[in-house]
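Before any comments, here is the structure.
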Number of protein chains: 2
Amino acid sequence: MKPRQTRQLGAVYDVVHAAHDHPTAEEVHARVRRRMPRVSLGTVYRNLQKLATQQRLRVVHLADRTARYDGMLQEHDHFVCERCGEVTDLVRKRSAPPDCATLDRAGYGIRAHALTFYGTCPGCGKAMTHRRAPSRTRRA
Amino acid sequence: MKPRQTRQLGAVYDVVHAAHDHPTAEEVHARVRRRMPRVSLGTVYRNLQKLATQQRLRVVHLADRTARYDGMLQEHDHFVCERCGEVTDLVRKRSAPPDCATLDRAGYGIRAHALTFYGTCPGCGKAMTHRRAPSRTRRA
DNA sequence: CTTTCTGCAAACTCTTTGCACTCGT
DNA sequence: ACGAGTGCAAAGAGTTTGCAGAAAG
């Protein structure tokens with residue numbers, strides 16, 4: 001099970017990392033096709049999944065059921081414009097997450113925000129026997 | 001277009017508001033069926049959509065492409081356990097969002113968190129004064 | 001050469017929709 | 001009775017997968 005460096009994989013990686021607009025899989029496919037017209041959508045999906053597993057890109061589920069792909073790997077948040085549909089990266093200053101007041105001052109009209117944490121709940125954390133308490137919590 | 005109070009609509013509403021586990025549409029369907037075996041999944045979807053439009057419930061897109069339905073209407077956040085899959089509501093204190101340190105103290109092991117804002121971007125805010133539904137912008 | 005990856009198309013999952021009929025009002 | 005709502009089934013949209021052949025190592 002030795003991974004191979006294929007042209008398709010490289011192209012998908014390049015497209016996602018060159019993009020700043022959080023493209024969907026179909027958008028990535030279209031862009032890859034500009035240079036490599038025969039790539040299939042299935043291959044693009046397989047490579048996106050592989051890169052996500054390797055932490056070489058991020059999958060974001062924002063407002064609908066369509067996954068979007070993000071080459072920015074550092075911790076950051078998102079702004080979704082409900083009017084034009086654009087997704088903006090909000091780079092997070094150390095231990096100072098973006099807040100409504102700051103964004104408002106920058107010209108954004110915030111209607112709502114959703115904060116979701118991922119990890120292990122108290123019950124599952126207790127059940128972990130062969131591990132010490134999870135002290136390696138990633139912070140803002 | 002005068003809305004009607006049907007048995008199915010009421011049942012869907014009741015199920016979502018009685019649930020605390022953020023059920024998917026199929027789960028809502030199964031629960032409604034326990035009392036009303038002939039309701040169709042399509043009707044459940046239609047009523048969930050209607051209730052969401054009326055702001056009588058909330059649709060949340062957490063980790064995958066399956067929508068989950070939440071009867072809790074006040075501003076709050078979510079914790080998704082990556083081990084057992086459970087989704088917990090985190091009630092938000094006035095303009096003091098839950099932070100990693102607090103959750104850690106409560107026994108949660110935070111691996112990552114995602115913060116997403118919804119509203120109008122500076123460009124759109126300038127351009128218009130009235131709100132519009134998010135457009136399905138197709139971009140290549 | 002061997003094994004992974006690709007292209008294609010079909011399958012799958014989640015959600016929406018057209019149609020004839022039902023049931024609130 | 002009128003028309004919004006329902007059940008059913010089929011269509012859509014997004015994503016995954018099986019397979020034969022291509023190509024990376």
Inset, instruction - Please assess B/V60 against B/H78 for the test side-chain contact (heavy atoms from CB on, under 4.5 Å), listing each intermediate value before the final yes or no. - result: CA-CA 10 Å; B/V60 267; B/H78 292 109; 3.5 Å; yes
Inset, instruction - Would you indicate, yes or no, if D/dT15 has its OP1 or OP2 atom less than 4.0 angstrom from a side-chain nitrogen or oxygen of A/Q49? - result: no
Legend entry - CD/B/E26: more than 12 non-hydrogen atoms of other groups inside 6.0 Å: no
Inset, instruction - Using atom types as modelled and distance alone, determine if a side-chain donor or acceptor of A/D64 lies under 3.5 Å from a backbone N or O of A/T66. - result: yes
Legend entry - Close residues, residues 51-67 of chain B, relative to DNA chain C [heavy-atom separation under 4.0 Å]: B/R65, B/T66, B/A67
Legend entry - Side-chain heavy-atom pair B/V80, A/T116 within 4.5 angstrom cut-off: yes
Inset, instruction - Using heavy atoms and a sub-4.0 Å distance, could you list which residues of residues 30-43 of chain B are near DNA chain C? By number, please. - result: B/L41, B/G42
Inset, instruction - Specify the residues of residues 10-18 of chain A, ordered by number, for which at least one heavy atom lies under 4.0 angstrom from an atom of DNA chain C. - result: none
Legend entry - Integer-rounded Å distance: C/dT17 C1' and B/N47 CG: 15 Å
Inset, instruction - Go along nucleotides 19-25 of chain D 5' to 3' and tag each nucleotide: B for a protein heavy atom under 4.0 Å from its base, S when only backbone or sugar atoms are that close, - otherwise. - result: ----BBS
Legend entry - Side-chain cluster (under 4.5 Å, hydrophobic types only) that A/L9 belongs to, other residues: A/V12, A/Y13, A/V15, A/V16, A/V28, A/V32, A/M36, A/V39, A/L41, A/V44, A/Y45, A/L48, A/L51, A/L57, A/V59, A/Y69
Inset, instruction - Identify, with sequence neighbours excluded, every residue that meets ring-ring contact (aromatic ring centres under 6.0 Å, His included) alongside B/H29. - result: none
Inset, instruction - Calculate, to the nearest 0.5 Å, the distance between atoms CZ and OG1 belonging to B/R7 and B/T43 respectively. - result: 12.0 Å
Legend entry - N/O donor-acceptor pair under 3.5 Å between A/H17 side chain and A/R56 backbone: yes
Legend entry - Donor-acceptor contact present, side-chain B/H61 to main-chain B/R68, <3.5 Å: no
Legend entry - Within one Ile-Leu-Val-Met-Phe-Trp-Tyr cluster: B/L115 and B/I110, side-chain cutoff 4.5 Å: yes
Inset, instruction - Please state how far atom CD in B/E27 lies from atom P in C/dT13, giving the value in whole angstrom units. - result: 15 Å
Inset, instruction - Return the value, rounded to whole Å, for the distance between atom CD of B/E26 and atom P of C/dT16. - result: 13 Å
Legend entry - Lys/Arg-Asp/Glu bridge criterion (N-O < 4.0 Å) met for B/D21, B/R31: yes
Legend entry - Under-4.0 Å side-chain N/O to phosphate OP1/OP2 contact, A/Q8 with C/dG7: yes
Legend entry - Under-4.0 Å side-chain N/O to phosphate OP1/OP2 contact, A/Y45 with D/dT15: yes
Inset, instruction - Using modelled atom types only, decide if a donor and an acceptor are shared between the side chain of A/Q49 and the backbone of A/R46 within a distance under 3.5 Å. - result: no
Legend entry - Geometric class of the B/H113/A/F117 ring pair [parallel <30°, tilted 30-60°, perpendicular >60°]: parallel
